[in-house]
Structure formats: structure tokens, C-alpha cells
Colleague: 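Right, I'll just put the structure down here and ask away after.
Chain identifiers are assigned alphabetically (A, B, ...) following the order of the sequence lines, protein sequences preceding nucleic acid strands; residue numbering begins at 1 within each chain.
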There are 2 protein chains.
Amino acid sequence: MAQTRYRQIYNILKSRIQQGTYAIGDYLPSENELCKTYKITRTTARKALDELLKEGFIEKQHGKGSKVKERRQSLGLLTVKGFSEAVGENVRTIILQKPQILSWPKELPFPADENELNAPCIYFERLRCVGDVPVMTESNWFSAHGLNRFLDCEFVDGSFFKTLSRKYLIEVTGSEQELRALFADEKSAYLLKIEQGFPILRISIKFTTSKPDLNIYSYLYCNTEKYPIGNIYTH
Amino acid sequence: MAQTRYRQIYNILKSRIQQGTYAIGDYLPSENELCKTYKITRTTARKALDELLKEGFIEKQHGKGSKVKERRQSLGLLTVKGFSEAVGENVRTIILQKPQILSWPKELPFPADENELNAPCIYFERLRCVGDVPVMTESNWFSAHGLNRFLDCEFVDGSFFKTLSRKYLIEVTGSEQELRALFADEKSAYLLKIEQGFPILRISIKFTTSKPDLNIYSYLYCNTEKYPIGNIYTH
DNA sequence: TTTTCTTACTTGTACGTACAAGTTGAATTT
DNA sequence: AAATTCAACTTGTACGTACAAGTAAGAAAA
């Protein structure tokens, strides 16, 4: 078998969601219907749905079904909302360093998993601005394993995570974050156009993905004076 | 059944990890061993392990086993979970000011809803410590409307939100937060035992509740040097 | 008409079985 | 001694079955 059975079903459902065959708010076929359609058992159907659940494509309701959820692009600002969505329209992104192979740094935002360090490290760096005001620098590290020709191609819609999803079928499944208030160092001060020693917010992130040996490690240095970091939770 | 079987197994394993019976790097009993020990099937054992996996307590290795992972100590705050629940055991809370009626301040962390300001304002203030280290000051404002005899009674288990839930059947339904890195002012520096001008993290919060005219407005001033604010997000 | 009950769906939990596939170390062969 | 094979573990996938529990809508009773 080229692929596991549940992964096949998962892919079918996921692509239909992405293409809008199942729109937001719609219910997917019930588990028993999936069994009949694809000649599988409920165990397998549930496993496929569980993956979609983990990746935020659907929500399950006991006694009702699996409803297609609105999927918010995860760009890592504590909320599920992306940077552009959170801030508004006039967001500009400046690429400070295009994705390229580097050696792994001795210290990452979070300790890396064992396997990741075997493959080379891809690094890129961006500066986020609201209008003309720089508000955040972003540094990203991740393992190149399995990401063929990543350096050659442009980002889809300028979005790193969209690129992972569309080109490699990799989804962000979660993130671990850590917040610190720090004095701005020389580099951050220069990039954010503030005085050295000004208080800035550093967000350390480990994004986990649907690819077991791929996590994205990021540092965000934020000037929160004019644009604080926002966050909304609802149950 | 009071609880699901897999949840029971999950709880047993989790508490053993938290108590150090299974230390970091150790392998949990294999799935088949769990089956024998607890008279369950592998389906159930795997479900329990899956939960631990989702919550980051273990990592699974095909062909080897389930290894206890290092969980970083940080203050898991940005969720709706309370402080004590998020941090763990050696948390101390010092009441700086018991709940009492005050006039509404001219500026709250977030603009108040109209109706709230009609009733008097309850205010209280606490200092949170991990061991002997003060890590966070907490100021809270909310409308007294409908909270009879709130000032007279002690908090349930020392928890404000538990008190709301148990005594008034009010649940937190969501929160809006805003993060800023600031220079510590005189008061914060004094309470947190740091130098004035040291960078601290201020979290502004508006908790919404199941009672339509009750929101809780809070400022948290955090010394993130030793204990950064943590956050885990899973879809 | 309104309420209650039943029925037919849905997902959730738990049982049991079988084989595939990764890991490890000891036994066997080279 | 070194390389290979094998056996005994581990987790991963997939089959099948049964019943519990939540949901919704129509039938029956008030």
C-alpha cells in the first residue's frame, strides 16, 4: 500500500473542504456513510476524521456529525489568527533573509526533537510592518528533511504556512509559545527603529505540524508600544 | 461508569509522570503491559496514551515505546485556565487588597460595557509567587451587580473563578487579551522585587462570563525573567 | 394545540483479532 | 572478529462487533 488507508480518506475529505465541495458549516458524511462509500471500517473512518479534527478542519458534535470549521490561518500570534488578519489591511512584509540552508544554531526557541537535527536547517527572516512602522521581526528555523526544492520556489500568497499546506500537504497542528519582556538588543533596535534598551516582547514559538519530524521554531521580537499583541479566546 | 476507562488510565499515568514515578526520558509500560495490568484492550490503552501525547507529556517512537517528555516550566496563562491550575504546586498567593467596593477607575484594561458601570465596582489585588519568588501582580475590577455577599466570603480553594462557579454558577466563557512590554514602574518594581525600569510584561484582560452584564477586567504585571509566560495551543 | 414518547439517526467508548513495520539484541554464519 | 540472520519485543494500521449516549424529528398521547 503506497499510503495508509485512513490517510487516503483524510486526503479526499481535506481536498474537498479546501475546494469548497464541503463548505464551512456543512456536515461531512457520517462515519457510517464513509464506511459504505470507501469500504472501510469505522475505526479507519474515525482515524481520518481525527486527523482533520487535530488540524482544525472540522469540529465533531456528539450525536450530530462532523461540521466543517472556519479555518484560521495560523501565523502564531498567540491566537489562531494570522498576522495580517489580526492587524488589518496595510501590513507589509520585508524579507530580510530568503530561506537558505544554514547550520543549526546552538540554541533554538525550544529544544529540537532528535531526528530533526539530522537533516540540514532552513532559516529565513522577515520584518513585519504596519504601514511604514516596523512592529515585529521574525526568525524561523526548521528541518529541510522532505522539503524538496523549498529554496527554489516562492511562497504561495507570500505566506509560509500556505506554502507548506499547498505544496507539501503539511498542516500546523499546534504551537507552544513562551513570552518574555526584554531590553531591545542592537539588532532588534535597529530593525524596529527604536532605542537600544527599550522594552520589547519576545515570543518564542514551536509550531508542530502533521509531519512528525517537522517543527518550526521561531522568535518574534515585537515593539508593542503602538501595536500591542492581541488575543481573543472563546469557548 | 463514573469516568471513561481510558480517562482513568490516562489519569493514573499522568499523575505518575507529574510525581516523577516515571521520570523524564523513561519509557512508560508498553501498550501490551498496560493491557495486562489494567485489564483493558489495546484500543483503550492507545487512547489513553494518545491523550498524553496530545498534551505533550510523552512522545511515541515506532517500535520502541512511549517516552516521557520534558515539559518546560512556564506560566501557562494565556488560556482561560486559572493561575494555580496552570502553574502547578508551589504557587503562593498573597492578597494585597481584599475584595472591596471602590469607585470605578477612569481607565480600565478594556473599555467597560455600559450596564456594568451602573452597579458599584469590586476591586481586589494579589501577588503571585512561585516558591518565594514574586512573579506577577494582579489587579481585578468587576461589577458588583448580582454578586450578593461577595465581600463577606472567602474564595473557594483560594480561587476567584472557582468561587464564581460554585457560589454564583457563573462560568468564564472567553477572554480578550493584550500584551505589552513596559518599563517597570515604581509600584511593580517594589512588589516584584526588581529594579525600576526593568522590562516587564503587562497583560490586559477582559474576561467575559455566562452572566451577560459581568466581565472581569484585569491587569497582570509579570516579571518574565525567570518564569516566562507560556501557552500551548492545539487545534 | 401542546406535550411526551418513540425511533432512527449520529458520535463515543470498549471489546477482540490480525498482521505490518520499526527496534533491539542474541544467535548464527561468514 | 565482523557481518548477517533471526526472534522477541515494540508501536501502527485495519479489520469486525457491541452497546452507550447525544440529537432530531415524527408519532402518539394529553
Colleague: Measure the distance from CZ on B/R46 to P on D/dA14 and round it to the nearest whole Å.
Modeller: 12 Å

Colleague: Could you state the atom-to-atom distance from NE2 of B/H62 to P of C/dT24 in whole Å?
Modeller: 12 Å

Colleague: Pair B/R42, B/E31 - check salt bridge (Lys or Arg N to Asp or Glu O under 4.0 Å), show working.
Modeller: CA-CA 6 Å; B/R42 247 187 90 208; B/E31 295 173 356; 2.9 Å; yes

Colleague: Please classify the nucleic acid contact of A/K39 as base, sugar-phosphate, or nothing, using heavy-atom distances under 4.0 Å.
Modeller: sugar-phosphate

Colleague: Between B/K60 and D/dG12, is there a side-chain N or O to OP1/OP2 distance below 4.0 Å?
Modeller: yes

Colleague: Under 3.5 Å, is there a donor-acceptor pair linking the side chains of A/S218 and A/N140?
Modeller: yes

Colleague: Any idea how B/F150 and B/Y168 line up, ring-wise: parallel (<30°), tilted (30 to 60°), or perpendicular (>60°)?
Modeller: tilted

Colleague: So if I take every side-chain heavy atom of A/R42 and compare against D/dG12, D/dA14, C/dT11, which nucleotide ends up nearest?
Modeller: C/dT11

Colleague: Start with the C-alpha distance between B/E51 and B/K14, add both sets of side-chain angles, then the distance that settles salt bridge (Lys or Arg N to Asp or Glu O under 4.0 Å), and finish with yes or no.
Modeller: CA-CA 10 Å; B/E51 289 296 305; B/K14 179 170 152 187; over 6 Å; no

Colleague: Does B/K206 make a cation-pi contact with B/F110 (under 6.0 Å, within 45 degrees of the axis)?
Modeller: no

Colleague: Can you tell me if the side-chain N/O atoms of A/S30 get under 4.0 Å from OP1 or OP2 in C/dT10?
Modeller: yes

Colleague: Between atom OH in A/Y6 and atom P in C/dA20, what is the gap in whole Å?
Modeller: 18 Å

Colleague: Between B/I58 (CD1) and D/dT10 (P), how many Å, whole number?
Modeller: 15 Å

Colleague: Scan B/T44 against the nucleic acid and name what it touches under 4.0 Å (heavy atoms): base, sugar-phosphate only, or nothing.
Modeller: sugar-phosphate

Colleague: Atom CG of A/N32 to atom C1' of C/dC9: distance rounded to whole Å?
Modeller: 9 Å

Colleague: Is the phosphate of D/dG22, meaning OP1 or OP2, less than 4.0 Å from a side-chain N or O of A/K64?
Modeller: no

Colleague: Counting heavy atoms from C-beta on, name the nucleotide in D/dC15, C/dT11, C/dG16 closest to the side chain of A/I40.
Modeller: D/dC15

Colleague: Could you check how far CG of B/D50 sits from P of C/dT13, rounded to whole Å?
Modeller: 12 Å

Colleague: Nearest whole angstrom, please: distance from the P of C/dA21 to the CD of A/Q3.
Modeller: 14 Å

Colleague: Starting from P on D/dG22, measure out to CD on A/E31 and report it in whole angstrom.
Modeller: 16 Å

